[in-house]
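Reminder, nothing fancy here: chain letters follow the sequence lines and each chain counts from 1.
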Amino acid sequence: MSRPDSLIADRYNVKDTEARWQKVWEDRGCFIAREESDRPKYYVLEMFPYPSGRIHMGHVRNYTLGDVVARYKRARGHNVLHPMGWDAFGLPAENAAIQHGVHPAKWTRENIAAMREQLKSMGLSYDWAREVATCEPDYYRHEQKMFLDFLKAGLVYRKESWVNWDPVENTVLANEQVIDGRGWRSGALVEKRLLSQWFLKITAFAQDLLDSLKTLERWPERVRLMQENWIGRSEGARLLFQVEGRATGLEIFTTRPDTLYGARFVAIAANHPLAAELAAGNPALAEFIAECNRMGTSEAAIETAEKKGFDTGLKAVHPFDPSRTLPIHVANFVLMDYGTGAIFGCPAHDQRDLDFANKYGLGYTQVVEPAADREAVAAQIAAGTAYTGDGVLINSAFLDGLAVEAAKAAAIDRIEAEGLGARTVNFRLRDWGVSRQRYWGCPIPIIHCESCGAVPVPEAELPVQLPEDVRFDIPGNPLAHHPTWKDVACPVCGKPARRETDTFDTFFESSWYFARYTSPTSTTIGFDRAAADYWMPVDQYIGGIEHAVLHLLYSRFFTRALRQCGYLNVAEPFAGLLTQGMICHETYKDEAGAWLFPTDVADGPDGRPVHAVTGQPVTVGRSEKMSKSKKNVVDPAGIIDGYGADTARLFMLSDSPPDRDLDWTEAGIDGAWRYVNRLWRMAATADLPAIDAPMPELGVEAAKLRRLVHKTIAVVGDDLDRFQFNKAVAHIREMTNALAELGAPAVDSDAAWVLREGLEAAARLIGPMMPHLAEEMWSALGQDSLIAETAWPEADPALLVEDSVTVAVQVNGKLRATIELPKNAEAALAERTALDQPQVIAALAGKPPRKVVVVPNRIVNVVA
RNA sequence: GGGGACGUGGUGAAAUGGUAAACACUGACGACUUAAAAUCGUCCGGCUUCGGCCUUGCGGGUUCAAGUCCCGCCGUCCCCA
């Protein structure tokens, strides 16, 4: 049986509608950004994706958030820049080449094309004319120039360095890419190797990067805190210990110079030059050092490993008391990169030192004593727990009686006075090693010459292009075994020389792409200076919390380095930052314990989940971040195909605040879909007065509803200003629920007039969130303009103030009644009305109130 | 081990120190339908003698008033180790 036409027309044709409006926006160039404008600029940016080939739910959330901001700011009269591009270098392209024989360039470009189409189906308001792909020479040539300029400015150096080597990926990993001693992607146990590496001097800006965090008021507090911890500023001293029987002393770094008299040993890193020297004549020590090198270099790996040491037999002389000597150990918990690679151990007041001293029988001396619980603290140390709290110095000669902070100052004063060392600020932050032994990255523009050393590629010869004819069937870096590419003449002496075959860390590209968007076709310095000055900084940056430290810190550094080299005029690239939460989903396993996709799971006959095909029982695990490995993923393409982009966008925005994790549920997407249809039906089927019909005399109900419409306009604006999208959705739903209760009023009634005003407001308010539906509603309401080009609605201030308010009446803080009072009623009237309430009289039981607190327009609290 | 965030119905969540649970999801019941879907309507924190009483992880405190502020626990998550 065929359905009547009215029922068919009852459904929103999402596919046709969304495609149609996308074409209208594109044809009209609604989202093209221009520099010349008398409106205030607003640069909104989402973290650009790696072109894996398909978008995932995290992208959908990220780009929906950005698009709401972009469309909202446009409607609010800003000149908006909202670009998109591709973080196109990286390992997956090479892995694809190795596994499937497809060239990384081809693989990447095809993925970009596929993902671009998927993003376009979301109806995002990007200026696609500004699209960039970092793997293209017209992009990466500029960062080669930047690198050479940084080199000239002294911000780049090359050094032999111990690195984390991932034996599976055949590459160097940054410390932060090593998690629990394993490569972040491969999961392979990381080894240490010594390699020549290029470094960017991020530490030159350490203090400024730290201090300027205070100015980033629109960043989440926790991201600032994480960066602060990462930079890790500590104040202390460097001082020289003499070593018995040797001419050269040993320089150590300490943050606790006050505890010098508690020193029981000196420990040096396995990579310390002294250790290497001693190991030459000591096979057992050499073996110990080799063992240390098998550990990762990360601090976490070192901390979790058992504390081990090797007594060198050498003795250090105590700098304040030459009659005392301290054994020098090589220890696996001392880092060569931190401070000087040597420490003194004060077991009583440092847990690591105490563990070490107890293990090797080195003893301890307590030198800090708290004001209270003296015996307890002494006993605690004896039992193996160091005391790190405040107190007064004991057993410490000239420091005795001083508090810890005063003692630190006094100790450093004496160290400086005696020429033993100096006050030092130390940072945990280390310079950024940018060399990667990889093909699919930006070539480092350097030529190695036997006579001239590392020589910059002359600027006229930039870009150094990646050769396309490379082989991936040999392990290691394809650039290194390319037959001819690396053979060049030295630019200085002309003799045969060799190109640098390492490429940049891919964080290099993402450290300046935001500037490239301001003028993506500029052929000069990577961007047009005037355009960058106009658009920068990014007003609102949106992305995942996982980039809280690395990408964001590198970008902050890079921008400073660019400024120092005269490229642009800002220090901070991102004035505002919003970090979105993860998308989570339930996990499913079959009886054998194998992960199942949500699409593999169906409801069984008894309502329990079963495998959709085999009917086997399925166990449902807790909701976790969507990941391919656990198969708890939902493909956005299928959702957009079935429900449309607006439904997916609405689901992303409603229910949870943007920075919180979001649970993807079928029920949730169905609920969003129902609301999309409901809104559409309301606009498409309403019988309304003409657009320009004058407002009739409004009855009480219609006037009340009209006030709600205007209040909603005001509050949704506030919600969006604060990125409280879930509340904006709730407030719009409240309004449309009230409009729906009108049913189908007569076309010439006051209710129908308010309904038109309300539906027009609804279309405009949902514009940033559900742009296709908004246009469709707007058009169904008889408008021939575009929501995308329509200003944000204005609430009539006169309608925002109520003439009467509901005031709560409490007795001893418990609610007893509510009363209606004129707005701003006098306290005396409020008090009198409250005391007249029967429930209040009953609660007082005849006794006079002791006190009455009146908060105007809010509450009356009667204290009995 | 250090630092931080969070803890509210069956679920996601609201609540400038001032009426806790807005807005949804799930569920139940009803209307329409031959039936189902869709849609619409009603109910949905707990207890209740139907007057009310209790309820924001636990225990204290500040306040006329605490989910919100302070202190101490417990738990979860994140970062650093």
Side-chain angles (χ1 to χ4, degrees), chain A residues 1 3 7-8 10-12 175-176 180 220-232 298-305 333 335 338 350-352 354-355 385-386 388 428 545-546 548-549 579 581-582 584 586 607 622-625 650-651 653-657 659-675 677-678 681 685 712 715 718-719 724 726-738 740-741 743 805-819 839 842-843 849-864:
Chain A
M1 194 202 283
R3 290 188 301 179
L7 276 183
I8 292 168
D10 209 21
R11 292 291 277 226
Y12 177 48
N175 273 331
E176 44 275 15
D180 294 332
E221 184 60 38
R222 71 179 180 130
V223 173
R224 287 189 277 171
L225 199 68
M226 280 160 71
Q227 295 216 347
E228 193 180 318
N229 290 338
W230 190 262
I231 293 167
S298 79
E299 290 169 42
I302 281 158
E303 273 300 313
T304 39
F333 62 87
L335 285 168
Y338 187 85
D350 182 289
Q351 191 60 46
R352 237 169 16 183
L354 186 57
D355 292 345
T385 304
T388 55
R428 203 187 73 96
I545 186 77
E546 66 272 21
V549 176
T579 50
M582 299 179 297
C584 301
E586 282 181 333
R622 72 184 187 108
S623 186
E624 294 182 60
K625 180 188 179 179
L650 175 62
F651 179 76
L653 297 166
S654 48
D655 291 351
S656 287
D659 56 346
R660 215 175 293 185
D661 287 353
L662 178 72
D663 257 320
W664 180 274
T665 61
E666 278 301 309
I669 196 76
D670 281 338
W673 169 239
R674 280 199 297 271
Y675 187 58
N677 277 283
R678 188 169 179 223
R681 218 178 303 118
T685 63
T712 303
V715 75
D718 291 345
D719 292 336
Q724 297 179 333
N726 55 324
K727 284 160 73 173
V729 171
H731 287 128
I732 294 169
R733 290 185 95 128
E734 234 166 352
M735 180 183 77
T736 54
N737 285 350
E741 277 173 28
V805 287
T806 306
V807 171
V809 180
Q810 298 178 335
V811 177
N812 291 334
K814 279 188 185 171
L815 185 73
R816 293 296 168 185
T818 57
I819 52 178
Q839 303 93 323
R850 287 198 295 152
K851 185 177 174 186
V852 180
V853 179
V854 179
V855 181
N857 303 323
R858 287 246 172 227
I859 205 162
V860 178
N861 192 11
V862 180
V863 186

Among the candidates [options], find the nucleotide nearest to the side-chain atoms of [X].
X        : options             : answer
A:Gln810 : B:G4, B:C25, B:U19  : B:U19
A:Lys851 : B:U19, B:A22, B:C64 : B:C64
A:Asp655 : B:G12, B:C25, B:A22 : B:G12
A:Ser656 : B:A13, B:C64, B:C80 : B:A13
A:Glu734 : B:U19, B:C23, B:C64 : B:C23
A:Arg858 : B:C23, B:G18, B:A13 : B:G18
A:Pro657 : B:A65, B:U26, B:A13 : B:A13
A:Arg222 : B:C78, B:A15, B:A13 : B:C78

Item to complete: Classify the glycosidic conformation of B:G61 as syn or anti, calling it syn when the angle lies within 90° of 0.
Response: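 Nucleotide B:G61 adopts anti.
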Worksheet entry | Torsion-based syn/anti label for B:G57, 90° from 0 as limit |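 The base of B:G57 is oriented anti (glycosidic angle more than 90° from 0).
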Take atom [atom1] in [N] and the same atom in [M], then report the distance between them in whole Å.
N     : M     : atom1 : value
B:U49 : B:U62 : P     : 37 Å
B:A35 : B:G30 : P     : 13 Å
B:C74 : B:C58 : P     : 15 Å
B:A14 : B:G4  : C1'   : 25 Å
B:C6  : B:C69 : P     : 8 Å
B:G9  : B:G59 : P     : 15 Å
B:G17 : B:G27 : P     : 37 Å
B:C73 : B:A24 : C1'   : 35 Å

Would you say the side chains of [X] and [Y] form a donor-acceptor pair under 3.5 Å?
X        : Y        : result
A:Ser654 : A:Tyr675 : no
A:Gln351 : A:Asp355 : yes
A:Asn737 : A:Arg678 : yes

Strictly under 3.5 Å: I want the nitrogen or oxygen pairs between protein and nucleotides 44-55 of chain B, one per line.
{"from": "B:C53", "atom 1": "OP1", "to": "A:Arg816", "atom 2": "NH1", "distance (Å)": "3.0"}
{"from": "B:C54", "atom 1": "OP1", "to": "A:Lys814", "atom 2": "NZ", "distance (Å)": "3.2"}

Using a cut-off of 4.0 Å on non-hydrogen atoms, how would the nucleic acid contact of [X] be classed: base, sugar-phosphate, or nothing?
X        : value
A:Thr806 : base
A:Val855 : base
A:Asp663 : nothing
A:Ser654 : nothing

Euclidean distance, atom [atom1] of residue [X] to atom [atom2] of [N] [Å, nearest integer]:
X        : N     : atom1 : atom2 : answer
A:Phe651 : B:U26 : CZ    : P     : 11 Å
A:Asp670 : B:G27 : CG    : P     : 10 Å
A:Asn861 : B:C64 : CG    : P     : 10 Å
A:Ile545 : B:A5  : CD1   : C1'   : 11 Å
A:Glu741 : B:C23 : CD    : C1'   : 14 Å
A:Gln227 : B:G3  : CD    : C1'   : 16 Å
A:Met735 : B:C23 : CE    : P     : 14 Å
A:Asp661 : B:G7  : CG    : P     : 14 Å

Taking 4.0 Å as the cut-off, does a side-chain nitrogen or oxygen of [X] come that near to OP1 or OP2 on [N]?
X        : N     : result
A:Asn726 : B:A14 : yes
A:Asn737 : B:A24 : yes
A:Arg660 : B:A14 : yes
A:Arg678 : B:C40 : yes
A:Arg674 : B:U26 : yes

Worksheet entry | A:His731 to A:Asp719 - nearest heavy-atom pair and separation |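 Closest pair (atom of A:His731, atom of A:Asp719, distance): ND1-OD2, 2.7 Å.
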Item to complete: Return the minimal non-hydrogen interatomic distance between A:Arg733 and A:Gly671, and the atom names on each side.
Response: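 What the structure gives for the nearest pair is NH2-O, 4.2 Å.
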Item to complete: Kindly indicate whether the side chain of A:Asn229 and the base of B:C80 share any N or O donor-acceptor pair separated by less than 3.5 Å?
Response: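 Side chain to base: no pair below 3.5 Å.
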Worksheet item: Do side-chain atoms of A:Gln227 reach the backbone of A:Ala548 as a donor and acceptor pair under 3.5 angstrom?
Response: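 Present.
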Discussion item. Once side chain to side chain contact (heavy atoms under 4.5 Å, CB included) is applied, do any residues pair with A:Thr579, and if so which ones, sequence neighbours excluded?
Written reply: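 Result, side chain to side chain contact (heavy atoms under 4.5 Å, CB included) vs A:Thr579: A:Pro220, A:Val223, A:Ile545, A:Leu577.
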Fill in: Contact check, side chains of A:Thr712 and A:Glu734, non-hydrogen atoms, under 4.5 Å
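A:Thr712 does not reach A:Glu734 side chain to side chain.
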Rounded distance [0.5 Å steps], [atom1] in [X] versus [atom2] in [Y]:
X        : Y        : atom1 : atom2 : answer
A:Leu662 : A:Leu653 : CG    : CG    : 9.5 Å
A:Glu586 : A:Asp663 : CD    : CG    : 8.0 Å
A:Asn812 : A:Arg850 : CG    : CZ    : 8.0 Å
A:Glu741 : A:Thr736 : CD    : OG1   : 10.5 Å

Worksheet entry | side chain to side chain contact (heavy atoms under 4.5 Å, CB included) between A:Phe651 and A:Trp664, worked out | CA-CA 9 Å; A:Phe651 179 76; A:Trp664 180 274; 3.2 Å; yes
Worksheet entry | Of A:His731 and A:Asn812, the one whose closest RNA chain B nucleotide lies more 5' |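 It is A:His731 whose nearest nucleotide is closer to the 5' end.
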Discussion item. Pick the closest RNA chain B nucleotide for A:Ala667 and for A:Leu225 by heavy atoms, then say which residue is nearer the 5' end.
Written reply: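 The residue closer to the strand's 5' end, by nearest nucleotide, is A:Leu225.
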Worksheet item: Under a 3.5 Å cutoff on both atom distances, Watson-Crick or G-U, what's the dot-bracket for RNA chain B ([ ] crossing, | other strand)?
Response: (((((((..(((.....[....))).(((((.......))))).(((....)))..(((((..]....)))))))))))).
